[in-house]
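Letters go in sequence order (proteins before strands), and every chain restarts at 1.
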There are 2 protein chains.
Amino acid sequence: MTQLVERGLIARWRELLTTYNQIACALERDLQDNHGIGLSEFEVLDRLVESGQAKMRMHDLATDIYLSQSALSRTVARLERAGRVVRAMCADDRRAIFVSPTEPGRQLRDEARETHRAVLAQHIPADD
Amino acid sequence: MTQLVERGLIARWRELLTTYNQIACALERDLQDNHGIGLSEFEVLDRLVESGQAKMRMHDLATDIYLSQSALSRTVARLERAGRVVRAMCADDRRAIFVSPTEPGRQLRDEARETHRAVLAQHIPADD
DNA sequence: GGACATTAAATGATTGTGCATCTCATGCAC
DNA sequence: GTGCATGAGATGCACAATCATTTAATGTCC
């Protein structure tokens, strides 16, 4: 990535495009094969756990992540369906929803994190 | 991008993830709004024209680009439906297909290129 | 020449995404 | 209080991407 800094906008964009797609594709495949979880599901779960808090509001989760609001909503729905998180009412603001990882969810995250890191290590250049 | 080189794998990946999504999203939106063309359609058309050749085989086009074979096939189909390219038999190898941009296709590409460049200029850091 | 692997491209099925819209809940003005 | 804008989240719809499969043409080995 960094070695291409001077090549002009288009070249840098294309580099970004292919790098992103390669990595995202590899992550998607390995996460799915090894843990039965998609990339965006992992990213959500990961951020949820790493926040350290027991529960997070959807809205706060959304600011952290690259997903659109509707994509986040569906991703959390999938995670819930799979028993990785629970959604709960928020007493203070009844429009809001709290999301918390379940124990299996935390566990899955820990396992998947290793696959995740391995794929990244393999695809992201050591340094410049 | 470059200023984050030392932050570790995960941080670099997240940076890539959000950068990519912001730019791709902006490109998609502006290309669609201003020229009625999607990002992958533009990328295909752009590479097709910039190759300098009158026609290219699908397979050669595929090596240049981040799209899967089936995605490319459908993207070209969309471009053809919109009159931006034509597909033709290849006499040498009757399995292969030639793709050529039409005049309106070239023209659209030239126009869209400016939008494309503008969005990139706006989102990709000048340099460091 | 015949059988089989390989290659180019298209296509069916499934899935995830974005946009627009909808439903409620809040907040604020009056 | 009523009325209206705004905010949080869910959902219908359309579309694009993937995987797996299919069709058809080439190549190869015997």
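Taking CG of A:Asn34 as the reference point, atom CD of A:Glu114 lies at 11.0 Å (rounded to 0.5 Å). With values rounded to the nearest 0.5 angstrom, B:His35 atom NE2 is found 8.5 Å from B:Phe42 atom CZ.
Nearer to the 5' terminus of DNA chain C, by closest-nucleotide assignment, is the contact made by A:Gln32 (compared with the other of B:Arg29 and A:Gln32). Looking at which nucleotide of DNA chain C each of A:Tyr66 and A:Cys90 is closest to, the 5′-most match is held by A:Tyr66. The nearest heavy atom of DNA chain D to B:Arg94 and to A:Ser73 marks one nucleotide each, and the one closer to the 5' end goes with A:Ser73.
Dashed line: the shortest gap from a side-chain N or O of B:Ser70 to OP1 or OP2 of D:dA20 is not under 4.0 Å. For C:dT17, one of the phosphate oxygens OP1 or OP2 lies less than 4.0 angstrom from a side-chain nitrogen or oxygen of A:Arg78.
The pair B:Arg14-A:Asp46 counts as a salt bridge, with a side-chain nitrogen and a carboxylate oxygen less than 4.0 angstrom apart.
For B:Ser68 and D:dC19, a side-chain-to-base donor-acceptor distance below 3.5 Å is absent, hydrogens and geometry of angles not being considered. No hydrogens or angles were tested; on distance alone, a donor-acceptor pair under 3.5 Å links the side chain of B:Arg74 to the base of D:dT18. Side-chain to base pairing of A:Gln69 with D:dA8: no donor and acceptor N or O lie closer than 3.5 Å to each other. Side-chain atoms of A:Arg95 and base atoms of C:dT26 include no donor and acceptor less than 3.5 Å apart.
Rounded to a whole Å, the CG atom of A:Leu67 is 15 Å from the C1' atom of C:dC19. Atom C1' of nucleotide C:dG18 and atom CG of B:Leu39 are separated by 14 Å, given to the nearest angstrom.
Classified by interplanar angle (parallel below 30°, tilted 30° to 60°, perpendicular above 60°), the ring pair B:Tyr20/A:Tyr20 is parallel.
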